[in-house]
Every structure is written in C-alpha cells, then in structure tokens.
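Right, one structure below, let's go through it.
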2 protein chains.
Amino acid sequence: MQKLKEIISKIEKLDHSLAEETQKRLDNLTKPQGSLGRLEELAKRAVEITGNVNPPIKNKVIFTMAGDHGIVEEGVSAFPQEVTPQMIYNFIEGGAGINVLAGHVGARVVVVDMGVAAKIQNPKCKRQNFKDKKVNFGTKNMAKAAAMTREEAVKSIENGIEVFEEELVNGIDIAGTGDMGIGNTTASSAIAACFTGKPVEDLTGRGTGISEETFLNKISVIKKALKLNRPNPKDAIDVLSKVGGFEIGGLAGVILSGASHRIPVVIDGFISGASALIAYHLEPKIKDYLIAAHCSVEQGHKIVLDYMGLKPLLDLDLRLGEGTGSALAISLVEAGIKIMTEMATFQDAGVSEKVESRK
Amino acid sequence: MQKLKEIISKIEKLDHSLAEETQKRLDNLTKPQGSLGRLEELAKRAVEITGNVNPPIKNKVIFTMAGDHGIVEEGVSAFPQEVTPQMIYNFIEGGAGINVLAGHVGARVVVVDMGVAAKIQNPKCKRQNFKDKKVNFGTKNMAKAAAMTREEAVKSIENGIEVFEEELVNGIDIAGTGDMGIGNTTASSAIAACFTGKPVEDLTGRGTGISEETFLNKISVIKKALKLNRPNPKDAIDVLSKVGGFEIGGLAGVILSGASHRIPVVIDGFISGASALIAYHLEPKIKDYLIAAHCSVEQGHKIVLDYMGLKPLLDLDLRLGEGTGSALAISLVEAGIKIMTEMATFQDAGVSEKVESRK
C-alpha cells in the first residue's frame, strides 16, 4: 500500500501556466486560428501535462496487460480461457493486432502477465518486451466470491506501477493502455455499474461477439456478482477486489504512474476505461493526464468516458482492446505536437494575417 | 474534352470478386471477427479498388491544388487574396500544416497552381514538388458573371488529370486531395447547393473564421451568384464553370484519374467534397473509389458526404483544408492494410477459435 500511496501523493493538479503562451504560439502558425481543431487541443494538453513547451514524443509505449477471470465459468464469453495465454505468446511473437498497429505508429509494446491462469513459459519470454508480474492464476468467480483479496487488489495496482517505473529507464514520452483477458468485459461492466450507478443492461456489451442467449446470461451474472459482493463505490480498492481483474488493476497502476510522472496516458477501450475509473476514484486529478483514444463498440464505454468528462478522439467501431485504439490515437497526439513544433509562423513564411477586423 | 472523356470511359464499376476471400482472410486473423471495425472495412475496400490482395501502400501522394476566386471582391473571406500565392510558397518550403502532417504519415505533397491570381515565380519552384497548371489568373466574380468559361472548366479538370498521370511515373498507391484558395468555401457552397438542392444557409460555414456580418453577406452573395448564373445540376461542367474554381476542377480531375487507374482517393474536407460532387456527376461510379477522410467543421460538408453516401473516418474539428485530413486518414488506410497483411492467423499463432457455437 506504501508504493500506491506515494504515487498518489505525487500527482499534481494539471498545470495551466503555459496555456496562454501555447495558445499564442499555435495562433501564430500559418493557418486560420483553431483550424486544426483537436490536434491543437492535443498539442496544448501535451504541453500542460509535461510542462515542456516542446513535448518529446519519441518513446511511445503501449502497456498490454493480461489477466484471467474466474467468472468465465459462468459462460459469459465466446472464447475459451486458454486464449489469454495463447495471445500472450502471440503478442511476444509480434503477430497480434496491437503489434501491427504499434509498429505502424512507431510505438513499442510491453506485454505483462498480471494474472493469467497458466504459467507463461517460453524461452522467448526472456525477450525484453515481456514482464511477469503475475498476482495470481486468474481471479475467483465473482458470482460466487470476491474476485480477489484486498491485498491482491493493491498488489495488482502496485505491480502496474512497478512495470511503468521499470520501463521509464528505457524512456516513456507517452503511454498507452491495452488489455487482454477472456471475460474482462464482464468485470469491466460490473466496475462501471458500481461507480456510475447506471443499469447493468446499459453497461454490458457483446464482448468478443456473443450470442443473444450468452448476452442475457452475462447481464444476470453481473447483477448476481454485484448483489453478492456489494462493492463500495467510495472505496476503489474494494471495487477492484470484489469485481475487478488483475490486468484492470495493473492498468490503473500505469495510469497513476503516468500522471505522477507528468506523462500523457492514452486510454484504449472499455477495459482501459474501467481501469481509469479505479484510478480516478483513487485520485480524481488523474483525469487531466488522460487522453481517450476512441469510442468502443462496447456500449458501456461511452457512459464511462462521459462519467469522467473525457471525449474520445476516434470512432472506428473498434472492439479488440490490446491497446489497438491507443496506438492509433498516439499517432494523433504526435501529429498535434508536430503541428505545434514544425509549422512555420506567419512571419517566417511571409504570409499575411487575417484582415477582416481591419475593414 | 477528349482527355476527360477517355478517363471517364475507363472507370469501371467497383470489382467485388475478391470480397468473400478477403473477408475470410480477415476473419482468420487472431482477433474476434470484425473487432477492428472500420480498419477492416478499409482493408477490404483497398483490395476491391486495386484488385490486389496485398494492396501496396508505399507511395502516398497528396495533391494540394490552389486557385483564386473573383468572388473575394464581395468581401466573403477573412483573409486577403495575396494569401493564396503566399501559401503556395509555404507549401513548397515545407512550412504549412499539410507538409507537417504529410511528413508524419510518410506521404509526399504535390503542390499545383491551378489558377492562382499571381505569377508564381521563385527559383525554388523548380523543385519537383510544384507543378504549374494554371488555367487563368483566378476566376471571375460569380456574383457578376460566370466564374470561368466552359472551356476553362474542362481544362481545369484535364489539367488535374494531367497532374495525376505525370505523377504516376513516381508511383501512386493511394492519393489524397487538398485545396488552397481564399474564397473557395464560397464556391464550394454554391456547388453543393446546386447539386444537393439544399438551402444555401445549410451549406454555408465560417470558412477561415469570418464574423457574423461577413457570414450573412457570404450567404446572400452565394444566392446572388446562383440566381444570376443558373447552373444546371444535370451538367457538371456547367456547374463548375458558373460557380466553381480552378482548384476544384483540378481535384475533380485527380478523383476521376484515381478511379480510372483503380487507385484509392482519400478526399479531404468541404472543398474536396465539392470536387467530388463534380466528379460524381460526371461519373457516379467514382464514389466507390473514394474514402472520406473526415467531417469538417464547415457545416455543408456532412450534407455533401451524405449526398454521395460517404461516411467520414475522422471527426477532429478540422477546417484547414490543404489535404490535412487526407493525410491523417491515409494513415488509417495504411493501418487497415497492415492489419490484413501482417497479423498472424489463428493457425499460425496456435490460438483457439471461438467456441460458443460448440456448446
């Protein structure tokens, strides 16, 4: 708990002292004022978060964290649990969606076993892109008991913090979150219902693509888990322990670490949203360090983002997770920063300014 | 007219023969089916357009075409006309928004003087990234006469075709459109009103950022131009000649050429939308070769895209033009193609498939 408390205590309110200067700088570039819309907003946010007028954007890191969920016993997913470790190997080998998209935008992927229900053993795991931070072999079935102990919940967040801090030595200018875990939309819906107070029906989606029958079962299982465990929305650790997941806790740790180090964190889809909710309820100031990558097909995602006042950048009908949306959004943040740092000013380029006011 | 007729005659209906095979291929990649949403749609579209199961995406080219508009005499813009040539030099020097964003996504920019009201003379214009295809020194004031002659309208499209075909020798795997021209949102609103039949008020926006007074004047000027010229929506050349612009015609030529060579064309904002309307009314089959980059702040843009049945990829409050939206969207097309060509299959990666149906 000490590590978590320390990180939280280091998170500062977003610093707006450079806002005016940055706005002037953007307005003096050869384009009508504000005409690059959200790219300009991203540039400003990057300056405010980092406190650097030329925010670096070389080291782009996506943390793809995996964990298993005991709730899959209840038949809530379209894929078998064995897919979680199989996908870990796929991430390490570079064959998954996140590998391709991270490569496309020049980001590196850090794959983390936060709590997969299998021993990950492969000589290739000695590769630098994999970290073993397993808290336990999957959560318990939350329809029958708490998903994890309170100690495990804290440990999952602290392991996430550890991953981030270890990776800092390799450089992190911007971080992206990503998840893998069969059953983790179920846990995320439960977390979202608990914090937002919205009906489970509004927060539950089709995950990897389940049938109507499985979908109705998923809703009733989530309700059962909430009724049994009664997570306390005023205690984020309680929520995480009763209906959460190890990768969800780990990503909350990544978010808290990013904010404490003044590094922008791009959050991916619905599961990352649930992680952000945990972090937000531990320390609401983290919100200003987050950039919402996209609006997922998972219907609960919009509710989660609205709850924290976050406006997604992309809406491309994505529902894969892994950090795929984060990768695409990181490229937009980079575009915004490049606009600010690379474009010519009216003076440099000898371009006349707006004259309407002269008339 | 011969060149234009030839190009149009070469445009084929989109070929769906590879659709089923491509869908199977996408569904066999290590991700839930359809979970990469519009990226998968872009990959499929690229296959259908090019007829290549591994569509090349190395040569990304943005055509930024510039022209001036006599209508600026009526006080419809916030910036003076001299900005058009000044921005041409800025494009050539690499200091504009489009240079930065094209660089970000690995695209090259081809700058074209289609009808700027000044002689572009600069030793640097011998650089390969600039083409002089001037049809005339700006259009006439369409509130007093036709913007250009019918011959000039045809020439502007044919010059656009010429630019595209010349550039083909350097390789074009995907093309993007972009515009520059003080006063060109006014012409675009007139074109859109003519083809869609919607009220001028719904199709007119604030351009580079005009006041309420200038905005109301802009609307009345567009109405006056339409009333005076009575462009015939069944004759796209008539519309272009009476209320269009040289860069708008040039970009219509780029679009027609792209379709005829089975090369995807990413269209930028409102002005590119007006160009697409011209091309679409010359040959409706072009629609399937277009990818709408984004939804502009210019309120008429959505109407134009809906009219052609195009759904924009991005919504980032952009209103700069130049091809800036195209650049960002080209990167998404590339992402989609890479997903299809670089991801591992379930078999390759040893990942289990969906089991729900087994139950």
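Chain identifiers are assigned alphabetically (A, B, ...) following the order of the sequence lines, protein sequences preceding nucleic acid strands; residue numbering begins at 1 within each chain. All heavy atoms count here, side chains included; hydrogens, waters and symmetry mates do not. Just so it is clear, the model here is predicted, and its values are computed rather than measured.
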Within the side chain of [X], is there an N or O that forms a donor-acceptor pair under 3.5 Å with the backbone of [Y]?
| X | Y | result |
| --- | --- | --- |
| His104(A) | Ser331(B) | yes |
| Glu93(A) | Ala349(B) | no |
| Lys354(B) | Gly209(A) | yes |

Counting only non-hydrogen atoms closer than 4.5 Å, does [X] touch chain A with its backbone (N, CA, C, O), its side chain (CB onward), both, or neither?
| X | value |
| --- | --- |
| Glu41(B) | neither |
| Val297(B) | neither |
| Ser296(B) | neither |
| Leu318(B) | both |

Are any of the side-chain heavy atoms of [X] and [Y] separated by less than 4.5 Å?
| X | Y | result |
| --- | --- | --- |
| Asp315(A) | Asp315(B) | no |
| Thr30(A) | Met87(B) | yes |
| Thr324(A) | Ile339(B) | no |

Within 6.0 angstrom of Lys302(A) NZ, more than 12 heavy atoms from elsewhere: no
So which residue, Asn99(B), Leu320(B), Leu29(B), Leu36(B), ends up with the most heavy-atom pairs under 4.5 Å with chain A? Leu320(B)
Please classify the contact between [X] and chain B as side chain, backbone, both or neither, with a heavy-atom cut-off of under 4.5 Å.
| X | answer |
| --- | --- |
| Leu316(A) | both |
| Phe91(A) | neither |
| Glu40(A) | neither |

Heavy-atom pairs under 4.5 Å with chain B - which of Gly94(A), Gly34(A), Ala344(A), Ser35(A) has more of them than the others? Ser35(A)
Find the one option among Leu314(A), Asp317(A), Val83(A) whose heavy-atom pairs under 4.5 Å with chain B are most numerous. Asp317(A)
